[in-house]
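A short write-up of the structure that comes next.
In this text, all values refer to a predicted model and were calculated from it rather than measured experimentally.
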Amino acid sequence: MPRRARVLLPGVTLHLIQRGNNRSACFFAEEDYLFYLEHLADQARKHDCAIHAWCLMTNHVHLLLTPAKPESAGMLMKGLGQRYVQYINRTYRRSGTLWEGRFRSCLMQEDSYVLACYRYIEMNPVRAGMVEHPAEYPWSSYRANAQAEQSALITRHSLYQALGEADGARAEAYRELFRHQLDPGLVDQIRSATNGNYALGSPRFTAEVERVLGRRVTRGKPGRPKHAAEAD
């Protein structure tokens, strides 16, 4: 069966996840996280991707980004993946693949899902039971977004910018979003759409994406298609 083509559009925000092969670890020491982030920033600049949020877990990576061109996200992940695998194999004297294969991604309707996806990404270490609060985890964008820490990697999304008139006000408003847990149904929506390489948004949004791309961008209904005589 052919692989599903990714749903990518320039200027539309994308949630992206890449896992270690067989869910094995892909970060082993502090230096590994730092190397990855340095080259993520470099590849983002090189391929015109604005990084809004990120989280590096032990065996997978989450990114929220907006690509400037259709090929931007793919080129970023290709360049970053090659450099990081070379570094890991050289450092730990290993060989072979590190990642499970192609990254998975979800194109999302901005006004409905982007700020929720910020929270989804930065709450990963909490959901995994690694920390009690996202500020305690050093390998995510939470401190940059919620505590106004300086970051050469982060580009503020327009919806984040709209939270306040100054950095402090935006960070305070952003922290308020974390006072309430994400709805479990919304977590499932983001996870399902990302794993399936679908678009996430209203019927109008997904219909517009389908019109532009010329193909289906949402999950099909299970079961065999109805014949004309069976139609409702």
Side-chain angles (χ1 to χ4, degrees), residues 1-6 8 14-69 71-106 117-118 120-145 149-155 190-191 194-197:
M1 179 181 294
R3 299 182 298 185
R4 269 187 55 80
R6 295 193 187 95
L8 301 171
L14 190 72
H15 172 228
L16 182 156
I17 182 170
Q18 188 164 39
R19 297 189 181 279
N21 192 39
N22 294 321
R23 297 181 181 262
S24 298
C26 41
F27 298 98
F28 306 94
E30 178 178 343
E31 291 77 14
D32 304 342
Y33 294 96
L34 294 172
F35 183 97
Y36 188 96
L37 292 173
E38 177 186 350
H39 287 270
L40 172 59
D42 179 63
Q43 292 295 309
R45 288 190 296 268
K46 183 176 180 180
H47 298 295
D48 294 325
C49 286
I51 307 294
H52 310 302
W54 52 271
C55 185
L56 309 186
M57 301 291 282
T58 306
N59 64 358
H60 66 281
V61 171
H62 287 270
L63 301 176
L64 184 69
L65 60 87
T66 301
K69 305 170 188 173
E71 68 276 11
S72 292
M75 294 300 292
L76 180 154
M77 296 306 292
K78 180 180 179 180
L80 176 59
Q82 289 174 342
R83 284 159 179 76
Y84 188 69
V85 171
Q86 290 169 358
Y87 158 79
I88 289 293
N89 286 351
R90 182 177 65 251
T91 300
Y92 297 100
R93 299 183 180 181
R94 65 183 296 279
S95 62
T97 187
L98 181 68
W99 306 109
E100 71 172 359
R102 303 169 80 232
F103 66 83
R104 300 174 183 271
S105 60
C106 163
C117 196
Y118 267 87
Y120 173 84
I121 289 172
E122 293 172 355
M123 285 295 289
N124 246 259
V126 178
R127 287 196 300 273
M130 300 171 72
V131 294
E132 293 186 2
H133 191 276
E136 299 169 15
Y137 191 72
W139 308 116
S140 87
S141 53
Y142 180 83
R143 296 177 185 176
N145 289 320
E149 286 191 1
Q150 292 298 312
S151 171
L153 178 57
I154 291 293
T155 298
I190 295 172
R191 183 178 292 136
T194 304
N195 286 330
N197 291 312

Quick one: does [X]'s side chain get under 4.5 Å of [Y]'s, heavy atoms only?
| X | Y | answer |
| --- | --- | --- |
| Met130 | Thr58 | yes |
| Leu63 | Leu40 | yes |
| Lys69 | Met75 | no |
| Asp32 | Tyr92 | yes |
| His52 | Tyr118 | yes |

Rounded to the nearest 0.5 Å, what's the gap from [atom1] on [X] to [atom2] on [Y]? Could you check?
| X | Y | atom1 | atom2 | value |
| --- | --- | --- | --- | --- |
| Asn195 | Arg104 | CG | CZ | 5.5 Å |
| Tyr84 | Thr91 | OH | OG1 | 8.5 Å |
| Ile121 | Leu56 | CD1 | CG | 11.0 Å |
| Trp139 | Leu34 | CH2 | CG | 4.0 Å |
| Trp99 | Leu80 | CH2 | CG | 7.0 Å |
| Asn89 | Arg94 | CG | CZ | 4.5 Å |

State, to 0.1 Å, how close [X] and [Y] come at their nearest heavy-atom pair, and which atoms those are.
| X | Y | answer |
| --- | --- | --- |
| Tyr137 | Met57 | OH-CA, 3.7 Å |
| Ala73 | Phe103 | O-CE2, 4.2 Å |
| Cys49 | Leu65 | SG-CD1, 4.3 Å |
| Ala44 | Leu76 | CA-CD1, 3.5 Å |
| Ser72 | Asp48 | OG-O, 3.9 Å |
| Ile190 | His15 | CG2-ND1, 3.9 Å |

>> So, using salt bridge (charged side-chain N to carboxylate O under 4.0 Å, His left out) as the criterion, who are the partners of Lys78 when residues are at least two apart?
In response: none

> Taking only residues two or more places apart in sequence or in another chain, which ones pass salt bridge (charged side-chain N to carboxylate O under 4.0 Å, His left out) with Arg191?
Replying inline: Asp188

> Relative to each other, are the rings of His62 and His60 parallel, tilted or perpendicular (30° and 60° limits)?
Replying inline: perpendicular

Is it true that a side-chain atom of [X] and a backbone atom of [Y] form a donor plus acceptor pair closer than 3.5 Å?
| X | Y | value |
| --- | --- | --- |
| His133 | Ala135 | yes |
| Asn59 | Cys26 | no |
| Ser24 | Gly20 | no |

>> Between Leu64 and Leu14, is the side-chain contact (heavy atoms from CB on, under 4.5 Å) condition met? List the steps.
In response: CA-CA 6 Å; Leu64 184 69; Leu14 190 72; over 6 Å; no

>> Are Phe27 and Phe35 an aromatic pair, judged by ring center distance below 6.0 Å?
In response: no

>> Let's go through Tyr87 and Tyr36 carefully: what are the C-alpha distance in whole Å and the side-chain angles of both, what is the deciding distance for side-chain contact (heavy atoms from CB on, under 4.5 Å) to 0.1 Å, and is it a yes or a no?
In response: CA-CA 9 Å; Tyr87 158 79; Tyr36 188 96; over 6 Å; no

>> Could you tell me if Arg127 sits above the aromatic ring of Tyr120, with its cationic atom closer than 6.0 Å to the ring centre and no more than 45 degrees from the axis?
In response: yes

> Between the side chains of His39 and Gln43, is a donor N or O closer than 3.5 angstrom to an acceptor N or O?
Replying inline: no

>> Run Val126 and Tyr142 through side-chain contact (heavy atoms from CB on, under 4.5 Å) and show every step you take.
In response: CA-CA 12 Å; Val126 178; Tyr142 180 83; over 6 Å; no

> More than 12 non-hydrogen atoms from neighbouring residues, nucleotides or ligands closer than 6.0 Å to CZ on Arg93, yes or no?
Replying inline: no

